[in-house]
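Below you'll find the structure, written out as structure tokens, and then a few comments.
Small disclaimer: the values here were computed from a predicted structure and weren't measured. The basis for the numbers below is simple: all heavy atoms, side chains too, and nothing from hydrogens, waters or symmetry mates.
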Amino acid sequence: MPEVTYSQALNMALREEMQRDERVFCLGEDIKDSTYGVTRGLYEEFGAKRVVGTPISEAAIGGAALGSAAVGMRPVAEFMYMTFMMCAMDQMVNQAAKMKYMFGGKAVLPIVYRTMAGAGRANAAQHTQDLASWFSHVPGMKVVMPTTAYDAKGLLKTAIRDDNPVVFVENKVLYATAKEDVPDTDYTVPFGKASVRREGKDVTIVGLQRMVETALEAADELAEAGIEAEVIDPRTLVPLDIETIANSVKKTHRVVVVHEAHERVGFGAEVIAQVVTHAFDYLDAPPARVANPNVPTPFSRTLEELSIPSAGQVVAAVRALVA
Amino acid sequence: MPEVTYSQALNMALREEMQRDERVFCLGEDIKDSTYGVTRGLYEEFGAKRVVGTPISEAAIGGAALGSAAVGMRPVAEFMYMTFMMCAMDQMVNQAAKMKYMFGGKAVLPIVYRTMAGAGRANAAQHTQDLASWFSHVPGMKVVMPTTAYDAKGLLKTAIRDDNPVVFVENKVLYATAKEDVPDTDYTVPFGKASVRREGKDVTIVGLQRMVETALEAADELAEAGIEAEVIDPRTLVPLDIETIANSVKKTHRVVVVHEAHERVGFGAEVIAQVVTHAFDYLDAPPARVANPNVPTPFSRTLEELSIPSAGQVVAAVRALVA
Amino acid sequence: MATLTPPASATTASSGIERHGLSDEALLDMYRTMLRIRRFEERVKELFLEARLYGSVHLYIGEEAVATGACTALRDGDVISSTHRGHGHCIAKGLELAPMMAELMGKATGYNHGKGGSMHIASLDHGMLGANGIVAAGIPISTGAALGFWVRGSEEVAVCFFGDGGANHGSFHEGINFAATLKLPAVFVCENNQYAQYHPVQQDLPIENVADRSVAYGIPGVIVDGSDVLAVYGAAKTAVDRARAGEGPTLIEAKTYRFEGHFLGDPEPYRTKEEVAQARASRDPLVRFGAILQQLGVATADRLQAIDAEVKDEVEAAVEFGEESPEPGAELLLTDIYTGADPDGRDAPRSRSETDA
Amino acid sequence: MATLTPPASATTASSGIERHGLSDEALLDMYRTMLRIRRFEERVKELFLEARLYGSVHLYIGEEAVATGACTALRDGDVISSTHRGHGHCIAKGLELAPMMAELMGKATGYNHGKGGSMHIASLDHGMLGANGIVAAGIPISTGAALGFWVRGSEEVAVCFFGDGGANHGSFHEGINFAATLKLPAVFVCENNQYAQYHPVQQDLPIENVADRSVAYGIPGVIVDGSDVLAVYGAAKTAVDRARAGEGPTLIEAKTYRFEGHFLGDPEPYRTKEEVAQARASRDPLVRFGAILQQLGVATADRLQAIDAEVKDEVEAAVEFGEESPEPGAELLLTDIYTGADPDGRDAPRSRSETDA
Ligand SMILES: Cc1ncc(C[n+]2csc(CCOP(=O)(O)OP(=O)(O)O)c2C)c(N)n1
Ligand SMILES: Cc1ncc(C[n+]2csc(CCOP(=O)(O)OP(=O)(O)O)c2C)c(N)n1
Ligand SMILES: [Mg+2]
Ligand SMILES: [Mg+2]
């Protein structure tokens with residue numbers, strides 16, 4: 001089993017799915033000479049009709065994916081940065097996500113809207129924002145956020161085989177840093193099944209993407225102080241595996257949610273609202289959040305670093321609950 | 001003091017502010033012959049340069065408002081329906097809301113993005129969705145949702161005088177149904193101050209716009225059963241008067257949030273996350289939500305009605321907590 | 001309902017007729033289609049005013065020749081995308097009046113089971129990709145359908161109807177440019193009915209013709225008289241054949257006129273009653289085509305009256321069907337949101353089975 | 001750094017020179033501006049490769065004549081909007097190199113206090129409405145600035161720079177159409193540098209010239225040689241005067257060439273080294289303008305060398321300033337989000353006072 005990076009794993013998933021099903025095709029800007037390597041080599045292997053380079057027209061990309069799905073294709077549309085989806089919100093949300101319902105069920109729309117988000121690369125405010133909470137608010141949409149290379153491949157395959165519009169959020173930093181042995185064989189990772197990355201009895205830490213690593217770091221630190229943290233990666237926001245999270249909280253009686261997105265009306269709020277619904281009587285302390293402090297991501301590395309939740313902040317949040 | 005409707009009150013606010021400050025101007029589609037009357041008569045009074053009819057170009061409207069603010073004007077841009085803002089997200093969120101921060105503070109951007117949302121008029125999925133939770137997620141943006149005619153006028157004046165981008169969400173149904181005596185004199189309603197619409201000691205119900213009425217109905221019903229509900233209208237989502245809400249919960253020990261927006265990652269989740277932070281030890285029951293059940297709004301009146309939170313559902317939610 | 005017997009003037013207006021090799025039967029089908037649209041819309045208006053039908057309804061009266069001419073140039077398998085003013089496109093693409101009327105009434109028997117209504121009526125089985133509540137949003141969608149055909153290497157064509165106001169939206173630019181760069185099998189039909197809601201077309205369009213924008217995409221731009229169904233057919237046929245042959249998209253501008261208000265309930269402060277009366281008198285596509293059919297000897301006035309009678313009966317039957325149909329039951333509220341398992345654990349068995357069907 | 005002494009060829013290339021009534025001093029200022037851009041960018045590249053500067057950086061080398069020619073046609077009070085490739089626009093609009101370099105280094109002394117970086121550098125005091133990380137987003141913004149001037153009835157003009165790739169975005173269509181319908185005082189300058197990231201311009205643009213799209217808006221479309229600063233100035237001056245006179249916008253397409261990669265770090269698989277070398281040899285705007293100045297007798301080669309030396313010193317001083325400047329302190333993280341009271345109760349005293357200043 002070769003050790004591959006997160007971006008190579010995504011590339012494997014695309015190649016395998018395009019080989020498996022000729023209805024699957026990619027479209028997007030500059031995907032022939034893929035900057036982060038996710039679509040690398042696909043143009044050479046599948047040609048200009050399966051790897052469609054588009055003009056800088058995000059609304060058209062969003063709508064073209066939808067229209068092609070409506071006539072039986074299985075498009076995988078790339079938005080270079082998640083913020084660019086702001087130029088395609090009408091096609092993605094007002095059209096694609098609602099179409100099946102508006103049409104009385106008579107539409108099957110297998111669309112993957114791939115994109116990338118995340119802080120840590122000094123891309124500043126317009127190239128960093130994680131908008132997963134917006135899409136999670138939208139009925140008809142599924143939202144996926146893989147953390148590991150293994151999950152990246154398995155979840156992308158599941159997304160491509162899913163018959164609904166799926167927003168697939170990749171993480172810029174993990175592309176290169178997340179590495180592990182990934183089977184070059186066919187496998188999928190199901191939606192709606194969280195992965196428990198560390199077991200513990202004293203507190204539950206729910207993290208998304210890079211924040212899973214941050215949570216694990218915090219857990220090590222807490223362990224030294226005798227606090228055993230359970231770390232959970234939901235992997236998919238919609239559907240959300242609240243059962244695994246709630247059961248963990250019933251055991252630990254405390255929960256902290258950590259994500260890079262802005263705190264206000266971020267996905268952490270939803271996790272907390274669902275946790276209090278499912279495990280209120282088990283809670284010994286108020287569910288807490290560690291997230292971007294409602295600030296656009298600054299360019300300066302020193303400031304950007306300060307805007308990203310740190311292991312130290314997670315430790316502090318946990319200590320405040322355990323104290 | 002004349003009795004005026006919500007839409008007439010908004011019209012008064014626009015007229016008075018345009019008279020008071022010649023930097024204030026309106027732009028939008030079909031605002032000369034205003035369908036709901038909010039901009040009625042302004043073209044005749046202020047002319048084509050203060051009431052600018054635009055092509056059907058939401059991205060340009062969003063950007064034009066921003067650009068004019070950047071050179072010292074105070075634009076009030078209308079988006080006919082809130083869903084049309086999906087065509088302008090980049091200009092509103094990626095540009096307007098982030099500009100001040102990205103520029104190191106050296107930008108003052110007094111922009112009001114007016115729009116209308118709400119179910120109950122059989123407009124179906126693409127003309128109904130309330131996206132306030134999206135904008136509440138965005139640093140740099142303020143979000144206002146007036147419920148009464150008095151507040152509509154006072155809050156719109158505050159929005160126009162505010163030096164930041166403000167998303168001002170009006171409610172389609174309230175335009176005509178919300179009527180009361182409104183002073184034709186100059187007054188403002190501050191941002192960040194909730195209004196307690198009914199006092200009670202047993203449960204706190206936080207409602208937005210039409211759902212305030214629904215909450216009050218529910219409160220009457222509950223009163224008959226001896227349950228005294230306190231009904232709070234936040235009026236502005238950003239800034240949010242969490243103090244008033246938390247203090248109420250400390251008194252009632254229970255809270256239910258009611259809004260028309262989808263439940264998942266809706267604003268209710270944020271209210272709950274903040275309530276557990278500020279009043280966890282006072283809670284006797286899990287904070288609950290009554291919202292759109294994560295479904296696009298159907299056209300059929302019978303189905304649409306079922307998609308809107310009802311007083312009965314609020315009563316049931318409260319009883320579940322009090323039981 | 002107004003009788004459509006052509007005035008003398010109309011006859012002269014149609015001298016030198018090009019029937020594009022269409023058979024008598026085909027021509028009569030076109031007339032019937034236009035009439036089905038007209039009578040359906042007239043009835044919808046009455047029902048709305050009688051509060052027997054509700055919602056945001058935009059009538060196609062006066063523009064019948066555009067949808068009919070364009071759709072007559074299509075084959076089975078070809079698709080169309082439409083607008084908020086979509087009833088005419090639906091009928092021209094072959095949808096049935098009864099489930100259409102039921103949909104407009106929000107009934108369970110409607111094409112969308114009452115979940116869509118006038119602005120979202122659709123039937124993928126008929127290649128009708130939906131009316132659309134969002135101006136110009138159908139443009140990228142039809143570009144996408146054309147992209148799908150192109151990637152698959154199949155022969156279908158996608159036709160997109162949109163309005164003059166839609167030609168000022170970013171989606172117009174992105175959708176057509178995208179199609180032009182890849183020479184996709186798409187045809188873009190702008191229905192220039194002289195108004196975008198309350199704005200006269202010239203207020204928002206700084207040039208005379210929307211078709212002139214074809215220059216920006218290196219594709220043919222064609223202007224046709226939208227009240228002349230044969231002219232529309234001719235332009236559409238050429239464009240559709242071109243698209244099918246892999247030569248890329250065409251932008252057709254049909255100059256037409258909206259006889260009714262923008263939506264039902266529009267007080268129409270932006271135009272005079274005289275202007276509308278003048279248009280109704282001089283450019284009614286049905287009057288015009290009726291005269292042509294008689295001139296060509298394809299049909300007598302009596303035959304046309306007979307078709308009208310049949311169509312009226314069909315419309316009445318549709319109204320009855322709609323009114324007698326049940327409201328969608330509460331159990332339908334939470335179905336059809338997703339294909340397959342619902343993320344909130346709500347099942348949608350009916351919709352899934354239908355989808356599979 | 002490459003010396004810019006003009007080859008013989010360049011001299012012949014510039015026969016029959018139109019100096020548009022610009023004084024010797026004005027011409028020398030233009031040369032200095034172009035040189036300040038060139039040397040600044042060359043230094044930025046070196047610093048980036050030495051890891052003394054970071055972020056997404058897009059260099060303007062090869063395109064200096066466009067920003068310089070256009071901004072020379074402006075008055076104080078006029079504004080510009082820019083792109084991700086914005087350093088040249090900043091310098092041409094009069095921003096200082098030191099706070100610019102500091103901003104690129106993310107330092108507290110930068111124009112944006114390090115919060116913006118290369119893609120968001122701005123100075124409203126200079127009428128520079130910001131570089132922009134989003135392609136074509138500056139177009140509606142400058143239309144808005146022009147709208148502001150129009151509503152206010154004042155005389156300023158807004159100039160918008162954008163790329164050939166940006167001309168395919170919906171914002172291009174909506175922004176220019178909006179400005180055209182109201183005849184706003186705006187000038188749209190497309191920098192057609194032959195590539196949109198990895199796509200050659202012809203892949204995404206189905207016509208030969210972006211300027212031909214002016215037809216879609218009923219405004220003048222002008223094509224200029226983007227390596228000829230005097231030609232750019234001439235076209236810009238005409239357009240700016242026209243805009244100021246209330247005659248509406250103009251679309252100018254400057255044909256230019258990007259000498260460097262799309263961003264620093266671009267492996268450039270989409271073009272050959274020969275193609276780039278050929279462009280550098282044949283269409284360097286500085287070599288070309290240097291030759292013209294000598295031909296006009298405005299300056300000797302020595303004078304130009306002297307200016308180059310001064311500019312290099314200025315750039316060095318900027319680098320020193322940037323490197324010696326402090327990082328923004330943690331207290332700056334949560335300031336500048338809002339004007340006035342922060343909804344999360346976080347105060348931003350520094351930024352507010354600065355704003356008031
Ligand atoms: C993006 C968007 N903006 C605005 C509207 C509101 N609206 C609905 S129809 C319409 C006018 C459309 O004019 P046109 O495209 O000419 O079509 P017509 O109604 O004339 O058939 C407007 C402004 C909308 N539905 N979508
Ligand atoms: C809306 C949007 N889409 C995509 C990008 C990514 N991107 C940044 S620059 C660029 C190419 C722009 O080409 P052009 O407009 O010609 O400007 P140039 O880089 O050549 O100066 C792309 C695709 C972006 N920043 N914004
Ligand atoms: Mg129209
Ligand atoms: Mg370019």
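- The shortest non-hydrogen separation linking I337(C) to V295(B) is CD1-CG2, 3.7 Å.
- Other residues, nucleotides and ligands contribute at most 12 non-hydrogen atoms within 6.0 Å of the CZ atom of R319(B).
- When M105(C), H169(C), Q203(C) are compared by the number of non-hydrogen pairs under 4.5 Å with chain B, H169(C) comes out ahead.
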Derivation and outcome, side chain to side chain contact (heavy atoms under 4.5 Å, CB included), residues R301(B) and Y54(C) | CA-CA 9 Å; R301(B) 273 182 184 151; Y54(C) 58 93; 3.3 Å; yes
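- The distance from the OG1 atom of T83(B) to the CD1 atom of I134(C) is 4.5 Å, given to the nearest 0.5 Å.
- Side-chain atoms of T35(B) and Y198(C), non-hydrogen and from C-beta on, do get closer than 4.5 Å to each other.
- Contact annotation for R264(B): only side-chain heavy atoms (C-beta onward) come within less than 4.5 Å of a heavy atom of chain C.
- With contacts defined as side-chain heavy-atom distances shorter than 4.5 Å, the pair Q126(B)/H120(C) qualifies.
- Looking at heavy atoms from C-beta onward, E29(B) lies out of side-chain contact with Q197(C) at the 4.5 angstrom threshold.
- Looking only at atom types and distance, the side chain of S56(C) has a donor-acceptor partner in the side chain of N123(B) under 3.5 Å away.
- Proximity to chain C (any heavy atom under 4.5 Å) is shown, for A59(B), by neither the backbone nor the side chain.
- In this structure, no portion of I121(C) lies under 4.5 Å from any heavy atom of chain B.
- Between M119(C) atom CE and F299(B) atom CZ the span is 8.5 Å, to the nearest 0.5 Å.
- Put simply, the side chain of K32(B) does not reach to within 4.5 Å of the side chain of H199(C), judged on heavy atoms.
- A distance of 9.5 Å separates CG of L333(C) from OG1 of T297(B), quoted to the nearest 0.5 Å.
- Closest approach of L303(B) and G329(C) over heavy atoms only: CD2-O, 3.6 Å.
- Within 6.0 Å of the CD atom in E275(C), the count of heavy atoms belonging to other residues, nucleotides or ligands exceeds 12.
- Contact annotation for N132(C): both backbone and side-chain heavy atoms come within less than 4.5 Å of a heavy atom of chain B.
- When heavy atoms are compared at a cutoff of 4.5 Å, P269(C) approaches chain B solely by way of its side chain, counted from C-beta outward.
- The structure places CG of D344(C) at 4.5 Å from CG of N294(B), a figure rounded to the nearest 0.5 Å.
- Between S300(B) and K107(C) there is no side-chain heavy-atom pair separated by less than 4.5 Å.
- Here the closest heavy-atom approach between residue N168(C) and residue P55(B) is recorded as CB-CB, 3.9 Å.
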